[in-house]
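This one's a predicted model, so the numbers in the text were calculated from it and none came from an experiment. To find a chain, count down the sequence lines: A is the first, B the second, and so on, and within it residues start at 1.
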2 protein chains.
Amino acid sequence: MLEAKKVLKKSNLRPTSQRVAIVDYILQKNKVHITAAKLITHFKNKNISISLATIYNNLNELADKGILRKFYVNNDKMWFDSNLQDHYHFYDSEKDELIDIDKNEISFSKSPKIPDGKIKDSINIIINLKNKN
Amino acid sequence: MLEAKKVLKKSNLRPTSQRVAIVDYILQKNKVHITAAKLITHFKNKNISISLATIYNNLNELADKGILRKFYVNNDKMWFDSNLQDHYHFYDSEKDELIDIDKNEISFSKSPKIPDGKIKDSINIIINLKNKN
DNA sequence: TTATAGTTTAGAATCATTCTAATAATCTAA
DNA sequence: TTAGATTATTAGAATGATTCTAAACTATAA
């Protein structure tokens with residue numbers, strides 16, 4: 001069975017052609033940062049037609065199932081990341097592109113006290129890059 | 001002269017009543033995290049009418065002039081911060097509220113290598129909180 | 001097979017933000 | 001001071017990303 005179908009089956013998602021195409025794309029590269037807009041462009045270029053709504057539905061579903069991680073960068077765009085390890089990002093605004101920073105590339109010698117009654121949910125670190133000129 | 005007017009004058013912004021109201025609000029508390037929507041609600045409650053467009057225009061202008069700092073949190077909302085020191089944030093999604101983390105509350109013992117041809121522009125650290133239960 | 005539950009889709013709706021262009025307020029020079 | 005120029009404010013339209021809706025379609029279990 002196709003790898004993509006196995007992944008979908010394991011998450012109880014029916015392997016529709018659209019889903020298979022999306023999961024296939026994610027599996028091709030081992031780490032992917034995507035945006036709904038980027039994905040639909042990719043499929044258009046390959047003459048595969050999937051509606052925007054379906055792209056969003058599925059990216060969100062895959063995020064719910066823990067196959068992708070969903071987050072936002074400095075601007076108003078939703079990103080999905082297939083790297084599920086704890087990690088951080090460089091953001092290259094020039095190219096509108098994210099670059100992974102491995103968890104062990106950053107270490108803290110001091111961490112802030114969490115406010116009373118709360119616990120840490122997740123940490124978002126984005127290092128914005130600009131061109132050296 | 002009103003403190004707010006002085007601030008505006010220094011930045012070559014005409015002290016219109018709307019601007020004075022906004023800057024006044026910022027000066028009242030020494031550290032403020034605001035959103036256009038939160039500000040307009042605040043003014044509505046005090047029966048001061050300022051249009052949304054003006055709120056946005058002015059917050060952006062104040063950010064351009066370096067009086068506020070503009071950034072985005074995990075969701076698609078634009079935040080303005082009157083704390084100009086280098087610092088980071090906790091985000092309490094329950095209350096839709098930011099809490100400052102002083103720069104010296106976090107220290108790094110290891111920092112990632114910046115990609116070739118690029119330099120660091122800014123670092124965004126957001127620690128998302130959830131309720132201890 | 002077929003009935004059912006799950007999916008996809010186009011297009012409408014929503015929400016934050018920006019734009020437009022008409023009106024109003026502030027400023028400057030004389 | 002005041003006229004004219006410049007800058008601001010505003011309502012409402014426009015935009016762009018995302019979600020919703022409801023109708024048409026597809027996979028699946030029995």
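- Regarding B:K5, its NZ atom lies at a distance of 15 Å from the C1' atom of D:dA8, rounded to whole Å.
- Taking atom CD1 of B:I40 as the reference point, atom P of D:dT9 lies 13 Å away to the nearest angstrom.
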Criterion side-chain hydrogen bond (donor to acceptor under 3.5 Å, both in side chains) on B:Y91 and B:D96, from CA distance to verdict: CA-CA 7 Å; B:Y91 177 61; B:D96 190 28; 2.6 Å; yes

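- Regarding B:W79, its CH2 atom lies at a distance of 12 Å from the P atom of C:dA16, rounded to whole Å.
- Counting any heavy atom pair closer than 4.0 Å across all strands shown, A:S49 reaches sugar-phosphate atoms only and no base atom.
- Contacts between residues 14-29 of chain A and DNA chain C, defined by a heavy-atom separation below 4.0 Å, involve A:R14, A:T16, A:Q18, A:R19, listed by number.
- B:L68 pairs in a side chain to side chain contact (heavy atoms under 4.5 Å, CB included) with only one of the listed residues (B:I26, B:I22, B:N83, B:V23), which is B:I26.
- B:N58 and B:Q18 form no side-chain donor-acceptor contact under 3.5 Å, judged by distance and modelled atom types alone.
- For the segment residues 53-65 of chain B, the set of residues with a heavy atom within less than 4.0 Å of an atom of DNA chain C comprises B:A53, B:Y56, B:N60, in numerical order.
- The nearest heavy atom of DNA chain D to B:L52 and to B:L13 marks one nucleotide each, and the one closer to the 5' end goes with B:L13.
- The only option from B:Y72, B:W79, B:F71 that meets the ring pair (Phe, Tyr, Trp, His ring centres under 6.0 Å) definition with B:H89 turns out to be B:F71.
- Rounded to whole Å, the distance from NZ on A:K38 to P on D:dT18 is 12 Å.
- Judged by distance alone, with hydrogens and angles left aside, the side-chain atoms of B:K118 form no donor-acceptor pair with the main-chain N or O of A:L129 at under 3.5 Å.
- Atoms OH (A:Y72) and C1' (D:dT19) sit 11 Å apart, rounded to a whole Å.
- Every side-chain hydrogen bond (donor to acceptor under 3.5 Å, both in side chains) that B:N128 has, sequence neighbours left out, goes to A:S122, B:N74.
- Counted within 6.0 Å of CD on B:Q85, heavy atoms from surrounding residues, nucleotides or ligands total 12 or fewer; the atom is thus considered open.
- The NZ-C1' distance, from B:K9 to C:dC27, rounds to 11 Å in whole Å.
- Heavy atoms only, all atoms of each residue included: A:A36 and A:L59 are closest at CA-CD1, 4.1 Å.
- Between the side chains of B:H33 and B:D100, at least one donor-acceptor pair of N or O atoms lies under 3.5 Å.
- Distance CG (A:N12) to C1' (C:dA5): 13 Å, rounded to an integer number of Å.
- One atom, CD1 of B:I34, and another, P of C:dT17, lie 12 Å apart when rounded to the nearest Å.
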